[in-house]
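Below you'll find the structure, written out as structure tokens, and then a few comments.
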Amino acid sequence: MTTDNSSDNFKEFHSFMGMLQNLDVGLVVLDREYNIQLWNNFMESHSGLHPYEVRDQLLFDIFTEINEEWFRHKAECVFQLNTRAFTTWEQRPYLFKFKNYRPITGSAEFMYQNVTIIPLDSSVGVVERIGIIVYDVTDVAVNRIELKAVNDELKRLSRTDKLTGLFNRGYWEECLSKEFKRAKRYEQVSSLIMFDIDHFKHVNDQYGHPAGDAAIKNTADALIMNMRETDVAGRYGGEEYAIVLINTSAEQAKIFAERLRKHIEESVVHYQDISFQYTVSLGIAELSDGISNHEEWMEAADHALYQSKEGGRNCVSVYKGK
């Protein structure tokens with residue numbers, strides 16, 4: 001009497017499934033046409049579908065959230081090469097979009113999953129079925145995501161000036177150095193603007209340091225409102241600011257600077273029962289062959305700023321070279 005090894009293997013796996021019914025992992029078996037053959041308690045509990053409802057049903061018809069092209073590509077490697085395949089939550093958050101009911105990670109909208117796809121051999125070594133093992137890794141995923149968010153925030157804070165929200169001097173100067181090297185390497189134009197608040201000591205003396213802080217914040221807000229996403233702005237000192245205008249000539253930078261100057265001149269700062277106005281002076285330096293490092297670029301823009309101060313303040317000057 002002969003025995004069908006394929007049938008025996010399937011019965012053996014079915015028996016194994018019986019032992020694993022109550023484990024906290026999902027177990028699914030698919031045939032060569034991707035029809036569901038086995039469906040354990042985990043899958044029933046999280047999908048709300050009984051085994052008899054999904055038996056012999058095409059996987060993609062029941063779970064439309066599964067990217068069929070991606071999954072078939074993944075599974076075909078298992079069928080044809082008789083080897084396992086894996087996917088993690090970092091690569092794809094889930095295979096089956098189940099709701100998350102875990103109390104510890106209640107903030108997650110869905111269950112994060114790691115998935116293993118295993119081949120199930122027949123008697124002649126041809127893979128006729130594959131098994132899908134689904135692991136609930138929501139706790140790990142949420143903890144890692146939250147930790148990354150905290151680290152990203154700490155990183156942001158380490159780069160950001162607390163009062164203005166602009167980059168602080170250290171990080172902004174790093175960005176300037178990188179832009180200098182990029183523009184030099186690709187022979188592209190960029191312009192640096194440095195500016196500060198006119199008679200800032202007078203603002204502090206007349207209205208108090210908190211009002212001075214309000215002026216500093218107002219200046220930063222005006223800068224953010226007028227700059228492009230590609231521009232890099234920072235608070236260089238107490239009442240000093242700097243911005244790199246990527247792919248921008250001095251002539252174009254002057255248009256930006258005049259718009260910013262006028263915006264600030266027309267703005268009114270309100271602090272408690274005090275209202276006052278102020279102006280800024282700006283200096284522009286376009287990156288040129290005569291500038292050999294980012295420090296010299298800053299010196300050129302600072303020299304132009306000094307010309308604006310000497311020229312009566314509340315104006316824009318462009319560096320003409322030595």
Side-chain angles (χ1 to χ4, degrees), residues 161 163-169 172-173 175-177 179-180 182-184 188-204 212-269 276-322:
D161 174 66
L163 176 61
T164 63
L166 299 172
F167 289 143
N168 58 34
R169 177 172 178 170
W172 175 83
E173 198 163 337
C175 295
L176 177 68
S177 177
E179 171 55 19
F180 172 83
R182 186 200 68 82
K184 280 286 189 179
Q188 293 181 345
V189 65
S190 281
S191 293
L192 170 62
I193 301 177
M194 299 190 72
F195 66 101
D196 64 13
I197 298 174
D198 295 328
H199 302 297
F200 185 68
K201 185 177 182 301
H202 175 73
V203 173
N204 278 335
D213 285 347
I216 289 173
K217 181 67 169 62
N218 181 72
T219 305
D221 291 344
L223 180 55
I224 292 169
M225 187 179 301
N226 284 278
M227 65 186 280
R228 304 167 301 184
E229 288 186 8
T230 55
D231 299 330
V232 183
R235 184 183 178 190
Y236 189 70
E239 75 280 14
E240 298 174 288
Y241 305 81
I243 180 169
V244 186
L245 302 181
I246 311 297
N247 299 328
T248 304
S249 67
E251 184 178 353
Q252 293 168 326
K254 188 172 183 181
I255 296 172
F256 168 88
E258 284 289 358
R259 184 171 67 247
L260 178 62
R261 181 197 64 77
K262 186 175 181 180
H263 182 129
I264 294 171
E265 180 184 30
E266 294 176 350
S267 67
V268 179
V269 178
F276 62 94
Q277 292 177 276
Y278 64 95
T279 60
V280 294
S281 298
L282 306 95
I284 300 170
E286 180 181 316
L287 188 57
S288 65
D289 293 337
I291 297 175
S292 58
N293 53 55
H294 78 274
E295 289 91 349
E296 290 185 5
W297 197 7
M298 291 168 58
E299 289 176 6
D302 194 55
H303 181 78
L305 171 58
Y306 179 77
Q307 289 180 316
S308 291
K309 294 292 188 183
E310 290 292 297
R313 294 181 169 83
N314 190 25
C315 62
V316 177
S317 299
V318 178
Y319 180 70
K320 301 297 184 182
K322 297 179 181 178

>> Using salt bridge (charged side-chain N to carboxylate O under 4.0 Å, His left out), reason through Arg261 and Glu258 one step at a time and then give a plain yes or no.
In response: CA-CA 5 Å; Arg261 181 197 64 77; Glu258 284 289 358; 2.9 Å; yes
>> Set out, in order, the CA-CA distance, both residues' side-chain angles and the distance that settles side-chain contact (heavy atoms from CB on, under 4.5 Å) for Arg182 and Ser190, then state yes or no.
In response: CA-CA 10 Å; Arg182 186 200 68 82; Ser190 281; 4.0 Å; yes
> Are Glu173 and Phe167 close enough, and set up right, to give a side-chain contact (heavy atoms from CB on, under 4.5 Å), and what steps lead you there?
Replying inline: CA-CA 9 Å; Glu173 198 163 337; Phe167 289 143; over 6 Å; no
> What's the verdict on salt bridge (charged side-chain N to carboxylate O under 4.0 Å, His left out) for Asp213 and Lys217, showing C-alpha distance, side-chain angles and the deciding distance?
Replying inline: CA-CA 6 Å; Asp213 285 347; Lys217 181 67 169 62; over 6 Å; no
> Should Trp172 and Leu176 be marked as a side-chain contact (heavy atoms from CB on, under 4.5 Å) after you check the CA-CA gap, both sets of side-chain angles, and the distance that decides it?
Replying inline: CA-CA 6 Å; Trp172 175 83; Leu176 177 68; 3.6 Å; yes
> Could you go step by step and tell me if Asn218 and Ser267 meet the side-chain contact (heavy atoms from CB on, under 4.5 Å) rule?
Replying inline: CA-CA 8 Å; Asn218 181 72; Ser267 67; 3.2 Å; yes
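Distance alone, capped at 3.5 Å, is enough to place a donor-acceptor pair between the Lys184 side chain and the Ser288 backbone. Although no hydrogens or angles enter the test, the distance criterion places no donor-acceptor pair under 3.5 Å between the side chain of Asp302 and the main chain of Met298. Remark: side-chain polar atoms of Thr219 are paired, donor with acceptor, to backbone N or O of Ala215 under 3.5 angstrom. A donor-acceptor pair under 3.5 Å is formed between the side chain of Glu296 and the backbone N or O of Ser292.
Atom CG in Leu287 sits 12.5 Å away from atom CG in Leu245 (nearest 0.5 Å). To the nearest 0.5 angstrom, Asp161 atom CG is 12.5 Å from Arg169 atom CZ. Remark: Ile246 CD1 to Glu229 CD distance equals 13.0 Å, nearest 0.5 Å. We find the NE2-OG1 distance between His199 and Thr279 to be 6.5 Å, quoted to the nearest 0.5 Å. A distance of 9.5 Å separates CD of Glu179 from OG1 of Thr230, quoted to the nearest 0.5 Å. Here the CG-OG distance, from Asn314 to Ser281, works out to 6.5 Å after rounding to the nearest 0.5 Å.
Between Trp297 and Phe180, the ring planes are tilted. Angles from 30° to 60° get that label.
Here the rule is side-chain hydrogen bond (donor to acceptor under 3.5 Å, both in side chains) with Thr248, and of Arg228, Gln188, Lys254, Glu286 only Arg228 fits it. The one candidate from Asp196, Ile216, Val280, Ile193 that meets the side chain to side chain contact (heavy atoms under 4.5 Å, CB included) condition with Tyr241 is Ile216.
Considering every non-hydrogen atom in both Gly212 and Asn204, the closest pair reads CA-OD1, 3.4 Å. Summarising the geometry of Met194 relative to Ala301, their closest heavy-atom pair is CG-CB, 3.7 Å, with the distance given to 0.1 Å. When all heavy atoms of Asp198 and Lys309 are compared, the closest pair comes out as OD1-NZ, 2.8 Å. Between Leu223 and Leu166, the closest heavy-atom pair is CD2-CD1, 4.1 Å. In plain terms, the two heavy atoms of Ser308 and Val316 that are nearest each other are OG-C, 3.6 Å. Residues Gly238 and Arg235 approach most closely at O-NH2, 2.8 Å, considering heavy atoms.
For the pair His303/Gln307, a side-chain contact is recorded, criterion being any heavy-atom separation below 4.5 Å from C-beta on.
With a 6.0 Å radius and a threshold of 12 heavy atoms from other residues, nucleotides or ligands, Tyr306 has its OH atom at or below the threshold.
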